[in-house]
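Here is the structure we will look at.
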Amino acid sequence: MTEDGGRRGRDDARRALRVVGTAPPSTGTGSTEGTPHRPADDARTPPGLAGRRRGSGARAGAGRIPVYPRVPTGPWRPTPGARPTRSEDTTGDAASVPGAGPRLTALAPDQEGPVEGPPVETFEAVADEDAAEMARLRARAERFTPEDEVTAAARERAAEHGIVAVGPGAGAALTFLASATRARSVVEIGTGAGVGTVSLLRGMPREGLLTSIDCEPAHQRLARLACVEAGFAPGRVRMITGRALDVLPRLSDSAYDLVLVDAATVEYPRYLEEALRLLRPGGVVVLDNVLWTGRIADAARRDAVAMALRETVKAVRTDERLAPLLLPVSDGLLCASLLA
Ligand SMILES: C[S@@+](CC[C@H](N)C(=O)[O-])C[C@H]1O[C@@H](n2cnc3c(N)ncnc32)[C@H](O)[C@@H]1O
């Protein structure tokens, strides 16, 4: 595609985002739904582990897991055009970054009340009959690639521990993307019970290394078990325990082929920025749960999760450096490749 063609397409995409106006703020239900409960030790020197930042990131047998107290947070605000500040000093071991280890749980933005702000942009409305037909097609696509016993067991453990694993369709898409891009170095933000981890590893070449970040060590134990059951050597995965936004700045610029985002939804805009910094040209970022079981399209929802997801979707659609694609599998897999 020519540059003009690319720009025209993106202009169309921008127009397709509907400005819905200032919808009445949702009151917040106190529910944690929509904030999927998303979890240092590898002797291998991973590709891209920091200590050697290149440039400034200028391109633009686990038991039952206890329920931990929520981390109090201030209200989330949209951050148009903002880049997170990162310490210049990024030397050190990513496994010992501040924030590693403490017991955290995903944020509960719905409990923080509505977010005030500019008019909401969301997806175009779809006629009911179209939606019903699409739902049927999606259900078929979801069952097109049946899961094996290993994945089914990992999924069951995820459910037992309250972890929202990637859906079957999304898992198949991850294997496909890792294989099609021959992804040798992959970052997974949100290890969970390892359903996504195993899906990615199955598509990666044998020499590939997957770096997986989660703030819950217990979740990472479940994921390790899933990897062992799937027959992957421990050296194929580097688990880093810590908060994603503490760990990610320590990974090197332009060193990764694929980044999967599946942790705290309210942090998606910042994960996206980090992911674009980590990717090499031609690399692919994949964000799970962007359709949020359809709730993202409801303009009346102005809570932090909805706002963060919309901000992320808009950023991916309008960034001229990216070739975006929304796969309506599972809960919505937003993909984008970084144009070379
Ligand atoms: C939706 S689950 C990931 C599911 C995983 N992809 C799978 O398929 O099994 C999200 C994970 O992100 C973790 N998480 C939530 N907030 C986080 C944060 N701020 N930093 C790191 N991990 C986080 C949770 O502990 C949880 O294991």
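Just so you know, these numbers come straight off a predicted model, no measurement behind them. Every number for a ligand or one of its atoms is a count from 1 in the order of the listing.
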Below 3.5 angstrom, do we get any N/O pair linking [X] and ligand 1?
{"X": "L260", "value": "no"}
{"X": "A193", "value": "yes"}
{"X": "E216", "value": "no"}
{"X": "D262", "value": "yes"}
{"X": "A165", "value": "no"}
{"X": "V164", "value": "no"}
{"X": "V166", "value": "yes"}
{"X": "G190", "value": "yes"}

Nearest-0.5 Å distance, CD of residue E273 to CG of residue L245: 10.0 Å

Separation between OH of Y271 and CD1 of I189, rounded to the nearest 0.5 Å: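 Nearest 0.5 Å value for the OH-CD1 distance: 7.0 Å.
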
Any atoms of ligand 1 less than 4.0 Å from a non-hydrogen atom of [X]? List them with their elements.
{"X": "G196", "answer": "7 (C), 8 (O)"}
{"X": "R243", "answer": "20 (N)"}
{"X": "V195", "answer": "7 (C), 8 (O), 9 (O)"}
{"X": "Y271", "answer": "18 (C), 19 (N)"}

No-hydrogen, no-angle side-chain donor-acceptor test under 3.5 Å, E188 and T211: no

Answer yes when [X] and [Y] have at least one side-chain N-carboxylate O distance shorter than 4.0 Å, and no when they do not.
{"X": "K314", "Y": "D319", "value": "no"}
{"X": "R277", "Y": "E274", "value": "yes"}
{"X": "E207", "Y": "R236", "value": "no"}
{"X": "R157", "Y": "E160", "value": "no"}
{"X": "D257", "Y": "R280", "value": "yes"}

Main-chain N/O of S330 paired to R138 side chain as donor or acceptor, under 3.5 Å: yes

Side chain T151, main chain E147, donor-acceptor under 3.5 Å: no

Proximity to ligand 1 by part of T191, non-hydrogen separation under 4.0 Å: backbone

G194 touching ligand 1 at heavy-atom level, < 4.0 angstrom: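 Judged by the 4.0 Å heavy-atom criterion, G194 does count as contacting ligand 1.
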
Contact check, G242 vs ligand 1, heavy-atom distance below 4.0 Å: yes

